[in-house]
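To start, the structure itself, in C-alpha cells.
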Amino acid sequence: MVLAYVTNIVGGSISVIDTKTHSVIATMSVGMNPQDVAFTPDGKIAYVTNSGGVTVSVIDTKTHSVISSVQVGARPAFVEFTPDGKLAYVTGRGDTVVSVIDVKTHSVVATVEVGDGPFFISFTPDGKLAYVTNPSTVCVIDVKTHSVIATINVEGTPQDTKLSPNGKLAYVTGSNGSDPSTVSVIDVKTHSVIASISVGIMSFRVAFTPDGKLAYVTNIFDNTVSVIDVKTHSVIATIQTGGLVFDVSVTPDGKFAYFSVISNNVTNAICVIDTKTHIIISNIDTDVLSGTGLFINFTPDGKLAYLPNNNNPGTVTAIDVKTHSIIASIPAGTNPFNLAFTPN
C-alpha cells in the first residue's frame with residue numbers, strides 16, 4: 001500500500017493519505033509550520049522539517065506516530081536521506097549549517113557550516129557527496145567526513161540543485177532579479193562550472209528525465225519552462241504555461257513532465273508536457289481559488305500525481321496520469337504545502 005504524507009503548514013500536522021482510496025487514514029501533530037517530508041529508502045521512517053522552529057519530527061510509518069523530535073538549525077527547510085538510508089541531511093533556512101542526523105539513533109552527529117540560509121540539497125547517486133545551495137554559493141559536502149570540500153560561485157542567487165541520473169553533473173538554478181536567470185552546470189569530478197545556460201526570469205526548480213538526456217527548468221516570473229539538452233547544455237525549447245510556474249516533476253517512465261502553475265494569481269493548474277515533442281498536451285484546472293499549489297509528485301509506479309493546494313480548507317488534488325484527469329479532491333489539514341510517497 002502506497003501512502004502519501006502531506007505537510008499542513010498551518011496547524012502543524014501531517015495528513016496520511018491512502019492512494020488506493022484517496023482518503024485520509026491518519027492525522028499527526030508535529031512541530032510548527034511543517035514544510036518538507038522525506039522517507040527512508042525502506043519506507044519505515046519519515047522525517048518532517050518544522051520550519052517555524054528548530055526541530056525535525058521523526059515518524060514511525062507503521063503506527064503513524066511521532067517517535068522522536070530532533071533539534072537542528074533554525075527554520076529547517078528541506079531534508080534528504082542518503083541513498084543507503086543511514087543519514088539525513090537537513091538545511092536550516094534561518095541558520096548557516098546543514099545538520100547531519102544518524103537515522104539509527106535519531107541524533108545529530110555533525111553540523112556543517114555552509115553559509116547563510118542553506119536551502120535545497122541533493123546527493124550524488126552513490127551517496128558520497130551532497131550539493132547544497134545558499135543565497136550566494138553552492139557547497140559540496142563529503143558525506144564520509146561531513147566537511148565542505150568545495151565552495152562554488154555561480155551566477156545569480158542559487159535556488160534548486162539536482163544531480164544528473166549518472167551523477168556526473170549538478171544543475172543549479174539561479175535568479176537574477178528581473179533579468180534572465182542562469183542555470184549553472186557543475187562537473188562533479190572537478191567541482192567547477194563548465195556551462196552557464198540562460199533561461200527565463202526567476203528560475204526555480206529543475207528536474208531531469210530518467211535517461212538524463214533532458215532537464216526541465218521552471219521560470220516563475222515569465223511563465224515559461226526551459227527545456228535543456230544535457231549533452232550540449234543548450235535550451236532547445238521554451239514553453240509558455242500561461243501562469244506562474246513553480247515545480248516540475250517527471251514521470252518515472254520519462255514520458256511526461258508535470259508543472260504546477262498559478263493562473264491569474266488565484267487558480268491552480270497543472271501543465272502536462274510530452275517530453276518527446278515538448279508540447280503541452282493537457283492543462284488540468286484544479287479549480288482551487290485563493291490558494292497556491294507549489295510542489296507536485298508522482299507515486300513510485302507513476303500512475304498518480306498528487307498536488308497539495310495551499311489553501312484553507314486544504315485539499316490535495318489526485319490526478320490519473322494515464323488520462324491526465326482529476327480523479328479525487330482529498331480534504332487535508334490547513335494549508336497543505338508539500339508531500340512525499342512511501343517507496344514501493
Side-chain angles (χ1 to χ4, degrees), residues 7 9 33-39 47-51 56 72-83 87-101 111-125 127 129-141 143 148 150-165 167 169-176 181-186 188 191 193 197 199 202-208 215-220 226 228 245-250 259-260 294-297 337-340:
T7 60
I9 211 162
N33 304 129
Q35 177 171 317
D36 193 27
V37 56
F39 293 96
Y47 275 23
V48 176
T49 58
N50 301 305
S51 63
V56 170
V72 292
R75 291 173 56 203
F78 289 93
V79 55
E80 293 286 343
F81 289 98
T82 51
L87 299 170
Y89 272 40
V90 180
T91 56
R93 197 64 169 150
D95 215 316
T96 61
V97 300
V98 171
S99 299
V100 183
I101 300 173
T111 53
V112 187
E113 287 280 346
V114 294
D116 288 336
F119 199 27
F120 286 107
I121 186 168
S122 185
F123 288 101
T124 51
L129 300 175
Y131 276 71
V132 178
T133 60
N134 61 52
S136 56
T137 62
V138 178
C139 289
V140 184
I141 300 173
V143 174
V148 174
T151 300
I152 305 166
N153 292 311
V154 296
E155 293 187 40
T157 301
Q159 301 293 329
D160 193 15
T161 177
K162 287 290 191 311
L163 273 294
S164 59
L169 301 170
Y171 268 40
V172 179
T173 59
S175 62
N176 289 315
S181 300
T182 300
V183 174
S184 299
V185 182
I186 298 171
V188 172
H191 310 306
V193 176
I197 308 166
V199 290
M202 185 56 191
S203 64
F204 185 51
R205 293 283 274 173
V206 57
F208 290 94
Y216 285 85
V217 174
T218 63
N219 305 304
I220 295 176
S226 298
I228 299 172
V245 54
F246 284 87
D247 197 23
V248 53
S249 190
V250 179
F259 298 85
S260 59
L294 299 183
F295 295 101
I296 190 167
N297 205 353
F337 183 73
N338 206 345
L339 85 160

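None of the values given here were measured: they were computed from a predicted structure.
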Between Asp36 and Asn338 the two heavy atoms that sit nearest each other are OD1-ND2, 3.2 Å
d(Asn297 CG, Leu339 CG) to nearest 0.5 Å is 5.5 Å
- request: Apply the test side chain to side chain contact (heavy atoms under 4.5 Å, CB included) to residues Thr7 and Gln35: give CA-CA distance (whole Å), side-chain angles for both, the deciding distance (0.1 Å), then the verdict.
  value: CA-CA 6 Å; Thr7 60; Gln35 177 171 317; 5.6 Å; no
Of all heavy-atom pairs linking Pro83 and Gly127, the shortest is CD-CA, 3.6 Å
Residues Val217 and Thr173: closest non-hydrogen pair is CG1-CG2, 4.0 Å
Heavy-atom nearest pair, Val90 first then Pro76, reads CG1-CB, 3.9 Å
Worksheet item: Do the side chain of Thr124 and the main chain of Leu129 share a donor and acceptor less than 3.5 angstrom apart?
Response: yes
(Q) What I'd like to find out is whether the side chain of Ser181 reaches to under 4.5 Å of the side chain of Val183, using heavy atoms alone. (A) no
message = With heavy-atom distances below 4.5 Å as the criterion, would you say the side chains of Asn134 and Asp116 are in contact?
response = no
Tightest non-hydrogen contact, residues Arg75 and Gly94, listed as CB-N, 3.5 Å
- Task: Verify side chain to side chain contact (heavy atoms under 4.5 Å, CB included) between Phe246 and Ile220, making sure each step is shown before the conclusion.
- Result: CA-CA 6 Å; Phe246 284 87; Ile220 295 176; 3.8 Å; yes
Distance col, row Tyr131:OH vs Tyr89:OH, nearest 0.5 angstrom, shows 13.5 Å
Smallest heavy-atom separation, Asn33 atom then Ser51 atom, equals O-OG, 2.7 Å
Practice prompt. In sequence, state the C-alpha distance, the side-chain angles, and the governing distance for Leu294 and Phe337, and then conclude on side chain to side chain contact (heavy atoms under 4.5 Å, CB included).
Written response: CA-CA 7 Å; Leu294 299 183; Phe337 183 73; 3.4 Å; yes
Heavy-atom check, side chain of Arg205 versus side chain of Phe259, under 4.5 Å: no
Between Asp247 (side chain only) and Ser260 (backbone N and O only), is there a donor and an acceptor less than 3.5 Å apart?
no
Here the gap from Gln159 atom CD to Ser203 atom OG, rounded to the nearest 0.5 Å, amounts to 7.0 Å
d(Ile141 CD1, Glu113 CD) to nearest 0.5 Å is 10.5 Å
In this structure, OG1 of Thr161 is separated from CD1 of Ile186 (nearest 0.5 Å) by 6.0 Å
Go through it in stages, so that I can follow the logic: the residues are Leu163 and Val188, the test is side chain to side chain contact (heavy atoms under 4.5 Å, CB included), and I'd like the CA-CA distance, side-chain angles, deciding distance and then a yes or no.
CA-CA 9 Å; Leu163 273 294; Val188 172; 3.6 Å; yes
Exactly one candidate in Phe39, Phe78, Phe81 meets ring-ring contact (aromatic ring centres under 6.0 Å, His included) with Tyr47; the answer is Phe81
Phe119 vs Thr91 side-chain heavy atoms within contact, under 4.5 Å: no
